[in-house]
Amino acid sequence: MAKHGCVAVYPGSFDPLTNGHVSLVKRALNIYDSVIVSVARNSQKKPLFTVQERVEMAAEVFADEPAVMVESFEGLLVDYVKRRKTNVILRGLRAVSDFEYEFQMALMNRKLERTVETVFLMTDFRWLYISSTIIKEAARLGGDVTELVPALVVERLQEKYGVVPLPKTS
Ligand code: PNS
């Protein structure tokens with residue numbers, strides 16, 4: 001498959017990484033030579049996991065994928081993207097609800113730096129309804145999220161919340 005031939009920066013909070021994020025990175029690798037999963041340090045949100053924990057979890061998940069690098073960044077995203085010698089910001093789009101926020105962010109980033117482009121990939125339909133926020137809510141209350149996040153994230157969530165997930169009933 002022909003590739004765009006450059007590096008895509010995939011920024012986010014990743015608090016924590018979900019199967020939706022993992023799927024997006026894997027699909028992006030069909031287009032780009034490499035993807036940098038970039039955990040934002042100065043997010044406005046109050047995170048459950050520290051930046052270091054989030055970077056470690058993502059690095060472990062992508063340990064077998066040499067084309068994926070994981071790191072954190074601080075400050076303006078567009079400045080960081082330029083420091084990484086690329087011009088591509090990768091973001092996932094789920095439903096209509098994401099659009100307004102993503103559109104605003106993409107336009108602001110373009111205003112700040114015209115050479116940087118935001119590229120959106122539609123989330124695979126299997127992960128359309130999940131977000132880090134809803135995963136944390138379910139896990140906090142003992143819900144089973146094993147099919148929605150990587151196995152090591154399930155363990156970390158259990159450690160954080162100190163709850164054992166309920167066995168699945170169908
Ligand atoms: O996963 P999230 O929380 O939706 O990711 C948001 C993120 C980290 C991509 C965004 O908040 C960001 O880019 N922060 C860095 C600071 C910055 O550049 N802000 C201006 C962008 S409009």
Side-chain angles (χ1 to χ4, degrees), residues 4 6-29 31-32 34-62 65 68-140 145 148-150 152-154 156-157 160:
H4 184 269
C6 76
V7 179
V9 165
Y10 181 28
S13 303
F14 304 108
D15 183 43
L17 191 81
T18 69
N19 284 352
H21 298 130
V22 175
S23 152
L24 205 88
V25 169
K26 290 190 171 157
R27 287 171 54 221
L29 288 175
I31 308 167
Y32 298 100
S34 60
V35 173
I36 309 178
V37 176
S38 309
V39 179
R41 278 194 173 272
N42 52 343
S43 166
Q44 308 274 38
K45 301 174 186 171
K46 173 107 189 61
L48 173 65
F49 293 97
T50 66
V51 170
Q52 195 183 337
E53 286 171 327
R54 284 178 270 158
V55 167
E56 279 169 11
M57 278 188 279
E60 208 170 321
V61 168
F62 293 111
E65 185 47 81
V68 178
M69 190 176 123
V70 182
E71 65 182 11
S72 63
F73 76 98
E74 198 148 24
L76 272 186
L77 174 60
V78 288
D79 292 342
Y80 162 73
V81 169
K82 282 197 318 186
R83 283 201 302 279
R84 284 282 157 265
K85 304 266 186 287
T86 184
N87 64 342
V88 180
I89 295 172
L90 176 71
R91 292 284 289 176
L93 261 189
R94 284 166 305 189
V96 186
S97 52
D98 277 344
F99 183 78
E100 218 170 307
Y101 169 61
E102 293 297 337
F103 193 48
Q104 185 182 31
M105 213 158 57
L107 289 178
M108 186 63 187
N109 282 330
R110 189 163 157 70
K111 174 74 184 160
L112 293 169
E113 179 52 64
R114 276 197 85 72
T115 60
V116 171
E117 297 288 356
T118 305
V119 173
F120 294 100
L121 286 184
M122 297 304 298
T123 299
D124 188 297
F125 74 94
R126 284 176 299 167
W127 317 116
L128 263 186
Y129 63 97
I130 63 165
S131 64
S132 297
T133 304
I134 209 163
I135 294 284
K136 283 181 282 190
E137 171 77 356
R140 185 171 62 85
V145 295
L148 307 176
V149 294
L152 72 96
V153 174
V154 176
R156 300 294 185 282
L157 283 166
K160 277 278 177 203

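Counting starts at 1 for both ligands and their atoms, in listed order. Please read these numbers as outputs of a predicted model, since none were measured by experiment. Throughout, numbering of the chain's residues begins at 1 and tracks the sequence.
For atom 3 (O) of ligand 1, the closest non-hydrogen atom of the protein is Ser13 OG, 2.5 Å. Distance from atom 6 (C) of ligand 1 to its nearest protein heavy atom, with residue and atom name: Tyr101 OH, 3.4 Å. The closest protein non-hydrogen atom to atom 4 (O) of ligand 1 is Arg91 NH2, 2.9 Å.
Within the structure, the closest approach of Gly75 to ligand 1 falls below 4.0 Å when heavy atoms are considered. Under a 4.0 Å heavy-atom criterion, Tyr80 is not in contact with ligand 1.
Residue-ligand proximity, Met105 to ligand 1, at heavy-atom distances under 4.0 Å covers atoms 10 (C), 22 (S). Atoms of ligand 1 found under 4.0 Å from any heavy atom of Asn109, numbered from 1 in the order shown, are 21 (C), 22 (S). Which parts of ligand 1 touch Leu76 is read off a 4.0 Å heavy-atom cut-off, strictly below it: atoms 17 (C), 18 (O). Residue Leu77 has at least one heavy-atom neighbour below 4.0 Å for each of these atoms of ligand 1: 13 (O), 17 (C), 18 (O).
At a distance under 4.0 Å, a protein heavy atom can be found next to atom 15 (C) of ligand 1.
With Val154 as reference, Val149 is the one residue of Leu148, Val149, Ile135 to meet the side chain to side chain contact (heavy atoms under 4.5 Å, CB included) rule.
Looking at Asn42 next to ligand 1, no N or O pair under 3.5 Å apart turns up. Looking at ligand 1, you won't find any N or O of Met108 less than 3.5 Å from one of its N or O atoms.
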Determine whether Asp98 and Arg91 satisfy the following criterion, salt bridge (charged side-chain N to carboxylate O under 4.0 Å, His left out), listing intermediate values before the conclusion. CA-CA 10 Å; Asp98 277 344; Arg91 292 284 289 176; over 6 Å; no
Full working for salt bridge (charged side-chain N to carboxylate O under 4.0 Å, His left out) between Arg41 and Glu71: CA-CA 10 Å; Arg41 278 194 173 272; Glu71 65 182 11; over 6 Å; no
Derivation of the salt bridge (charged side-chain N to carboxylate O under 4.0 Å, His left out) call for Lys82 and Glu113: CA-CA 9 Å; Lys82 282 197 318 186; Glu113 179 52 64; 2.9 Å; yes
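Counting heavy atoms from C-beta outward, Val39 and Ser13 have side chains that stay 4.5 Å or more apart. A heavy-atom distance below 4.5 Å is found between the side chains of Leu24 and Tyr10. Counting heavy atoms from C-beta on, the side chains of Lys160 and Leu157 never come closer than 4.5 Å.
With no hydrogens or angles considered, no side-chain donor-acceptor pair links Glu100 and Gln104 at under 3.5 Å.
Across Val68 and Val37, no two heavy atoms sit closer than the pair CG1-CG2, 3.9 Å.
Of the heavy atoms in Lys45, only side-chain atoms (C-beta onward) come closer than 4.0 Å to ligand 1. Contact annotation for Ala40 and ligand 1: only side-chain heavy atoms (C-beta onward) come within less than 4.0 Å of the ligand.
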